[in-house]
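Notes to accompany the following structure.
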Amino acid sequence: MSELRPETRTVHLPQPPLEGSRPITVPLYQTSGFVFDDPAVFADGMNRPDGPFVYGRLSNPTVRSLEEAVAGLEGGVGAVATGSGMGAINSVLLGLLRPGDHVIAQKALYGGTAGALNDLVARFGVEVSYVPEDDPAALRAAVRPSTKLVYLETIANPVTQVADLPGMCAAAREAGLVSVVDNTFASPILCRPIEHGADIVVHSTTKYLGGHTDVLGGIAVFASDELHRKVWKYATGLGATADPFAAWLTLRGIQTLPLRMERHCANAHELALRLDAHPAVAAVHWPGLPSHPSHALAAKLLPGFGGVFSFDLVGGRAAGERFMSAVRLALLAPSLGGVETLILHPATTSHKSLTAEELARHGIGEGTVRVAVGIEHVEDLWADFEQALSRS
Ligand SMILES: Cc1ncc(COP(=O)(O)O)c(C=O)c1O
């Protein structure tokens, strides 16, 4: 092809010859589409999530590597990676529900999910009943002929109630309902909901899976091929699927997930114990503490209690605001699951779309402070918390 002109050569770049060796890490396939030798293979890839790679919105090798990695960790048959956690949650809800369907959700939910359910009610005539996360009898009593789906969170945000996954998923299955579990707070290192009977697991991979506060992403993992195909079709049609660079960063984060989870949990344990004993603190909400309502269930279900807790100060909202202004090492910022310790005020940030009644349903107080504990040295974190407590 030596006769090609510069205008053509600059467009058609040489591909690296991969013969006899291959990259150690998963390569970043930053391409929006793929080239085919055979038109029949091209056509085949359009129709299924595990087919040949055709077009980036449908599939991409880096994204599929992430999907297979998380499906493997969760014990699912397949996964759909999305642009954010909300992309995964909305793809599942919109992909599986129709107007008039009924959903049973646990009372304490991530604010974005609570908002998405409210939106389904207002715009699509979906009905939602709320039950406690650990009450299979209440779930059974809430089932209607139109009920299609049960929505749970392994560890709820921010008051860290733990769902009775075996009991709730069994009750859902008995009634022929699809159970969906948001496993973001536990990560597959602490819990694999499919082993407890869940049909779909969703994550904000922005959090522990990514782990470095530098990438947004989400994923839905499926226990059956049928659900996988349905949600893949919806998510690709909606345009919610993941970008390869985001998938690549998330894969890189996943390689240290078990190590990070161990440190997140150990640091949270130490800080929760010390805060619980501090005279300025009214209550600490962390399932590792025997005083937490979910403690017995969490001890049975989880090998660690997670890296997020929340607490209320004796001085209420004003003291909480003073604490958040006084910390220096912990950062006042949204999100969780990264290497840095982040704090926020749920009532005015992550859960600000909720009414006062909904906040109470979630167990969120006016002055509740949420802490997403990072992997710093715990004594440095405690020194920061102690100096902030002395000013609040
Ligand atoms: C439990 C949980 N689920 C879902 C989400 C939404 O994820 P994303 O922000 O990646 O859309 C969040 C975000 O904070 C979350 O905490």
Side-chain angles (χ1 to χ4, degrees), residues 66 70 74 79-94 105-119 133 151-163 165 180-191 193 198 200-221 235 238-243 246-247 249-250 253-254 261 264 268 285 287 294 302 306-310 331-338 340 342-354 362-364 368 370-373:
L66 171 64
V70 181
E74 288 285 2
V80 175
T82 52
S84 75
M86 288 315 300
I89 291 165
N90 277 310
S91 295
V92 167
L93 294 175
L94 290 164
Q106 71 175 49
K107 286 185 182 181
L109 288 172
Y110 167 61
T113 306
L117 287 173
N118 287 343
D119 200 46
E133 68 286 338
Y151 195 96
L152 304 164
E153 294 184 1
T154 310
I155 304 174
N157 179 13
V159 192
T160 65
Q161 298 94 330
V162 175
L165 293 183
V180 182
V181 179
D182 185 330
N183 198 33
T184 300
F185 269 49
S187 89
I189 302 305
L190 300 184
C191 186
I200 301 178
V201 177
V202 291
H203 280 278
S204 167
T205 58
T206 313
K207 312 300 188 308
Y208 290 110
L209 289 160
H212 294 76
T213 332
D214 54 7
V215 61
L216 282 162
I219 200 159
V221 182
L238 188 65
T241 43
D243 174 76
L249 282 172
T250 308
I254 284 175
M261 284 314 289
H264 285 298
H285 313 285
S294 299
L302 312 172
V308 178
F309 61 77
S310 55
L331 307 169
L332 182 58
S335 205
L336 61 107
E340 315 86 351
L342 305 180
I343 62 168
L344 60 73
H345 181 233
T348 55
T349 57
S350 60
H351 291 69
K352 82 170 185 340
S353 65
L354 305 192
H362 285 64
I364 300 169
T368 301
R370 187 188 81 181
V371 185
V373 184

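First listed ligand is number 1; within each ligand, the first listed atom is number 1.
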Inset, instruction - Might you work through the side chain to side chain contact (heavy atoms under 4.5 Å, CB included) test for V202 and Y151, ending with a clear yes or no? - result: CA-CA 10 Å; V202 291; Y151 195 96; 3.7 Å; yes

Closest heavy-atom pair and its distance - [X], [Y]:
X	Y	value
I364	P346	CG2-CB, 4.0 Å
A235	V80	CB-CG1, 4.0 Å
L336	K207	O-CD, 3.1 Å
D214	L249	O-CD1, 4.0 Å

Identify, by atom number and element, the atoms of ligand 1 in contact range of [X], meaning under 4.0 Å from any of its heavy atoms.
X	answer
N157	16 (O)
T206	10 (O)
F185	1 (C), 16 (O)
G85	7 (O), 8 (P), 10 (O), 11 (O)
I89	4 (C)
G217	10 (O)

Legend entry - Winner among L109, D182, L336 once heavy atoms are compared against atom 4 (C) of ligand 1: D182

Legend entry - Shortest protein heavy-atom distance from atom 11 (O) of ligand 1, along with the residue and atom involved: M86 N, 2.8 Å

Inset, instruction - Just need the protein heavy atom nearest to atom 6 (C) of ligand 1, so name the residue and atom and give the distance. - result: Y110 CE2, 3.5 Å

Legend entry - Between E74 and H203, a side-chain donor and acceptor under 3.5 Å: yes

Inset, instruction - Measure from the side-chain N and O atoms of T82 to the backbone N and O of G218, and report whether any donor-acceptor pair falls under 3.5 Å. - result: yes

Legend entry - Per-residue contact class, K207 against ligand 1 - non-hydrogen pairs under 4.0 Å: side chain

Inset, instruction - Quick one: look at T205 and ligand 1, take heavy-atom pairs under 4.0 Å, and tell me if it's side chain, backbone, both or neither. - result: neither

Legend entry - Between CG on residue D243 and OG1 on residue T250, distance to nearest 0.5 Å: 10.0 Å

Inset, instruction - Consider ligand 1: state whether an atom of it lies below 4.0 angstrom from any non-hydrogen atom of T113. - result: no

